[in-house]
Number of protein chains: 2
Amino acid sequence: MSTDKFIKKIEKQLPGKVFTDKEDIFCYGFDASSTEGVPSAVIRPSSTTEVSEIASLAFETGTRLVPRGGGTGMTGGAVPMKNTVVLSFEGMNRIIDIDHKNMIAAVEPGVINQHLQDMLEEKNLFYPPDPASMKFCTLGGNVAENAGGPRAVKYGVTKDYVLGLETVLPDGRVLNTGGITYKGVVGYDLTRLMVGSEGTLGIITKIFLKALPLPEEIATLLCTFSVLDDAAQAISAITSSSIIPRTLEFMDHESISAVENYRTFGLPLDSEALLLIEVDGPHSVVSRDAEKIASLCSSFNGRISVADDMFSKQRLWEARRAISPALYYLKPTKINEDIVVPRGNIPGMLRSLRNISEKYGLLIASFGHAGDGNIHVNIMTDKKNKDEYQRANDALKDIFRSTLDMGGTISGEHGVGLTKKQYIGMELSETSISIMKSIKNIFDPNGILNPGKIFPDD
Amino acid sequence: MSTDKFIKKIEKQLPGKVFTDKEDIFCYGFDASSTEGVPSAVIRPSSTTEVSEIASLAFETGTRLVPRGGGTGMTGGAVPMKNTVVLSFEGMNRIIDIDHKNMIAAVEPGVINQHLQDMLEEKNLFYPPDPASMKFCTLGGNVAENAGGPRAVKYGVTKDYVLGLETVLPDGRVLNTGGITYKGVVGYDLTRLMVGSEGTLGIITKIFLKALPLPEEIATLLCTFSVLDDAAQAISAITSSSIIPRTLEFMDHESISAVENYRTFGLPLDSEALLLIEVDGPHSVVSRDAEKIASLCSSFNGRISVADDMFSKQRLWEARRAISPALYYLKPTKINEDIVVPRGNIPGMLRSLRNISEKYGLLIASFGHAGDGNIHVNIMTDKKNKDEYQRANDALKDIFRSTLDMGGTISGEHGVGLTKKQYIGMELSETSISIMKSIKNIFDPNGILNPGKIFPDD
């Protein structure tokens with residue numbers, strides 16, 4: 001078996017970096033999606049040279065590789081298919097350089113998002129992308145998935161901060177794209193092509209990221225609504241105003257009560273929805289914008305409370321980040337989607353979600369980045385309950401259809417991976433998909449890099 | 001001859017939209033670069049359907065097409081090679097929709113950049129990309145070249161505003177990429193691949209652009225320096241400060257005097273350099289940032305003057321935009337480059353340019369977007385003076401080498417087109433170039449779309 005041959009050889013080449021014992025490799029078979037697998041082996045390279053050696057040997061032996069960051073993905077992008085070898089980047093987690101003058105960070109793929117945030121903050125710099133898993137997810141994974149987060153509404157997503165990449169191609173060649181300048185238009189934008197390609201085009205070994213000056217001040221507002229539609233109207237009013245909030249997060253009643261029953265944060269259980277809103281900038285602007293937003297929310301019957309100390313701010317964000325785990329206390333199976341609609345269509349989308357939940361008699365909890373139209377929709381069910389699970393999957397199709405009808409997309413930041421691949425045909429034309437497959441084929445002619453992801457099985 | 005057959009057929013299909021008389025097509029042979037050609041015909045389509053018809057017929061007959069916007073390109077991207085047909089978009093210049101609620105504009109490729117700016121401004125919205133040619137260049141051309149401009153230092157370039165595209169492939173198929181949402185990660189980022197591909201992958205027929213709220217206030221500062229290096233140090237000080245100016249434009253002595261001799265703007269002829277700096281935002285922030293920047297400049301011996309009325313602001317920007325035409329009064333031939341270096345290396349790059357100018361005894365005028373490290377370097381010479389022209393081309397190689405040694409790129413916003421294609425091998429690896437060629441081959445297997453651009457002749 002080619003994979004076994006590969007494993008024996010690579011064990012000799014990289015002693016102590018190849019793991020095959022069940023207990024060592026078991027936990028590399030999961031991510032935050034409902035999918036799972038078991039790799040044939042796990043390799044922990046320490047350098048680009050080693051990654052290149054691994055890829056060359058894999059190319060020779062036709063061994064299939066799965067690059068893996070923190071394993072916090074939501075769609076199975078890092079979940080190994082049968083008979084694959086996982087490349088895990090714990091051993092490549094150095095922040096290589098922070099160039100303060102140029103506000104650029106050079107990092108290895110295994111660096112945890114939060115670690116970079118902290119390092120930069122010490123130097124009065126700021127890296128905006130902040131996925132909910134930021135304390136555990138790696139920057140390599142963030143780039144592979146083009147991760148977003150609450151701050152995306154003002155600051156954009158990962159792709160907006162990647163200036164350059166070093167990647168290893170599936171045949172072992174090292175490819176450098178982009179660089180350390182803010183602008184560059186020499187040839188096609190291969191950097192942007194790599195970002196969000198979910199580890200199917202190349203193995204990321206070095207990342208050059210743009211940083212910003214750290215905002216001077218942040219104001220955090222909690223706004224609760226007795227009526228869902230009022231919250232939806234408030235969101236539209238804010239996003240079409242002249243203020244771009246730093247975050248504009250939404251939680252529906254189901255999310256609020258799930259979190260509050262999971263741990264007591266003091267969220268109001270009598271509300272149909274809440275908004276967690278932050279504005280940042282110089283003091284004068286922050287206080288003015290916070291007032292404007294507060295009055296906008298009040299005009300839609302929102303009840304405002306300001307988190308004026310670090311503790312209460314942190315508590316609110318902990319509550320927000322606790323939603324995903326908390327939901328599992330409602331039902332064992334979570335069908336987790338992250339649809340996006342044009343921001344003005346948020347009210348329509350929330351109504352549509354409520355209708356679908358009633359139509360199928362399902363518990364649907366919605367929360368997320370209302371500010372950029374990105375709603376995390378969670379159908380809570382139980383795989384073992386065949387009938388309910390079937391209804392859940394029918395409801396999912398309805399949700400996607402209604403999302404696309406409103407000019408939206410079926411994934412804003414989680415990617416396609418395994419869980420969404422059978423649906424991309426609802427959004428992308430045959431022409432698009434065939435072009436994407438041809439691009440995949442240029443980078444990975446033998447199909448050995450992260451097989452079975454993104455594209456529907458033929 | 002296949003092209004003649006194509007022209008005869010298409011004249012029947014699109015009566016009144018195909019031009020072949022020399023006087024009609026002559027001016028479609030130029031752009032703002034020193035390159036030129038003569039197309040076999042010019043077609044002015046009015047719709048996506050017509051563009052698709054043209055492409056299908058071109059595909060059948062093996063006819064080579066050159067998409068063209070305003071013809072203001074700096075590198076010959078829209079200049080027709082021998083035996084090609086130009087597709088010109090004067091007939092597709094509608095602003096289809098401005099969705100104020102979602103801050104999104106849908107436009108046809110022939111819309112002039114300035115027209116969209118004006119339309120949006122009336123609605124208190126803002127489209128940042130502002131190439132010097134904004135009064136004449138088209139948004140289709142901006143997208144094809146990934147155009148930048150002075151405001152890029154704070155607001156980014158064209159690619160940062162393109163949410164989605166409709167393009168016609170060289171075989172006539174219509175490809176829709178991206179959409180009207182702020183986020184989206186379903187499949188590879190074909191939109192970003194199209195942006196900056198210089199009309200070699202597809203023919204842009206519709207563009208969805210993101211807009212921003214219009215900044216409340218703008219302050220404009222002129223800062224002049226007796227010593228070039230002081231200006232360079234001031235640039236580094238500003239770009240590594242916590243302020244992100246709206247623009248940070250640089251002009252060296254040669255550019256200043258060229259402009260001042262061309263038309264009297266009142267620029268100080270005794271200065272070695274000047275900076276044209278703008279900050280924008282709410283009133284309180286603008287005044288504070290303007291003061292900070294003024295004091296930073298003074299600390300490097302800069303003399304500040306504030307343009308406090310619309311007239312003096314406009315005069316300064318007219319002067320800035322007049323540089324390119326003005327330089328032709330110094331010498332008939334302009335070798336126009338737009339290198340970028342990491343911003344901290346601007347002082348080093350300016351010293352290096354001065355050395356190269358002395359080494360080769362050439363007049364080199366430099367100006368541009370110092371804020372993002374993008375310097376427009378103009379070697380002024382005379383093609384007819386064989387010896388000087390040779391020295392100019394040797395100097396050019398030195399400039400590129402020194403740019404790349406400083407971690408820079410040979411083009412920040414002008415693209416490669418014809419004038420830079422023999423140099424891309426200095427910046428891009430063989431692997432990069434071969435991947436790009438394979439991508440070109442997916443979209444345009446017969447090589448009929450904008451032939452001879454970007455890639456060096458084999």
Side-chain angles (χ1 to χ4, degrees), chain A residues 100-102 104 124 145-146 148 152 157 160 173 175-177 179-190 192-193 195-197 213 236 240 242 244 282 284-285 288 340-344 372-374 407-413 415-416 424 427-429 431-432 435-436 438-439 442 454, chain B residues 100-102 104 124 145-146 148 152 157 160 173 175-177 179-190 192-193 195-197 213 236 240 242 244 282 284-285 288 340-344 372-374 407-413 415-416 424 427-429 431-432 435-436 438-439 442 454:
Chain A
H100 189 283
K101 204 165 188 182
N102 289 307
I104 293 169
N124 250 316
E145 298 294 316
N146 189 18
V157 294
D160 300 308
R173 283 178 301 167
L175 174 68
N176 291 288
T177 63
I180 53 172
T181 56
Y182 277 20
K183 283 175 169 177
V185 290
V186 176
Y188 303 145
D189 194 340
L190 299 184
R192 297 293 175 118
L193 190 59
V195 178
S197 63
S236 288
S240 57
S242 63
I244 303 179
S284 58
V285 180
R288 191 192 65 166
V340 189
V341 292
R343 305 173 312 173
D372 46 33
N374 189 186
T409 172
I410 66 172
S411 182
E413 50 185 26
V416 175
I424 67 168
E427 176 166 338
L428 302 177
S429 68
T431 307
S432 284
I435 289 172
M436 290 177 190
S438 308
I439 289 172
I442 291 170
I454 298 180
Chain B
H100 189 283
K101 204 164 189 183
N102 288 308
I104 294 169
N124 250 315
E145 298 295 316
N146 189 16
V157 294
D160 300 309
R173 285 178 300 167
L175 174 69
N176 291 288
T177 63
I180 53 172
T181 55
Y182 276 21
K183 282 175 169 175
V185 291
V186 176
Y188 303 146
D189 194 340
L190 299 183
R192 298 294 175 116
L193 190 59
V195 177
S197 62
S236 288
S240 57
S242 63
I244 303 178
S284 59
V285 179
R288 191 192 66 165
V340 189
V341 292
R343 306 172 313 171
D372 45 33
N374 190 187
T409 171
I410 65 172
S411 182
E413 50 186 27
V416 175
I424 67 168
E427 176 166 340
L428 301 177
S429 67
T431 307
S432 284
I435 289 172
M436 291 176 188
S438 307
I439 289 173
I442 291 171
I454 298 180

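Worth saying up front: this structure is predicted, and the values here are computed from it rather than measured. Throughout, a chain's letter reflects where its sequence line sits, starting with A, and its residues are numbered from 1.
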By a 4.5 Å heavy-atom criterion (distance strictly below it), what part of [X] contacts chain A: side chain, backbone, both, or neither?
X        : value
B:Val157 : side chain
B:Ile104 : neither
B:Asn374 : side chain
B:Ile454 : side chain
B:Glu413 : both
B:Asn124 : neither
B:Ile439 : both
B:Asp160 : side chain
B:Arg173 : side chain

Between B:Arg192 and A:Val195, is there a side-chain heavy-atom distance shorter than 4.5 Å? no

Does any non-hydrogen side-chain atom of A:Ser429 lie less than 4.5 Å from one of B:Asn176? no

Among A:Gly412, A:Ser236, A:Pro213, residue most engaged with chain B (heavy-atom pairs, under 4.5 Å): A:Gly412

So which of A:Thr177, A:Thr431, A:Asp189 has the biggest tally of heavy-atom pairs under 4.5 Å with chain B? A:Thr431

Could you have a look at B:Ile435, B:Val186, B:Thr409, B:Ile442 and say which one has the most heavy-atom pairs with chain A under 4.5 angstrom? B:Val186

Heavy atoms only, distances under 4.5 angstrom: which of B:Gly196, B:Ser438, B:Pro342 has the most pairs with chain A? Name it, please. B:Pro342

For A:Tyr188 and B:Leu193, what are the C-alpha separation, side-chain angles and deciding distance, and is it a side-chain contact (heavy atoms from CB on, under 4.5 Å)? CA-CA 6 Å; A:Tyr188 303 145; B:Leu193 190 59; 4.0 Å; yes

What is the distance from atom CG of B:Asp372 to atom OG1 of A:Thr181, rounded to the nearest 0.5 Å? 9.0 Å

Relative to chain B, which segment of A:Leu190 carries a heavy atom at a distance below 4.5 Å: side chain, backbone, both, or neither? side chain

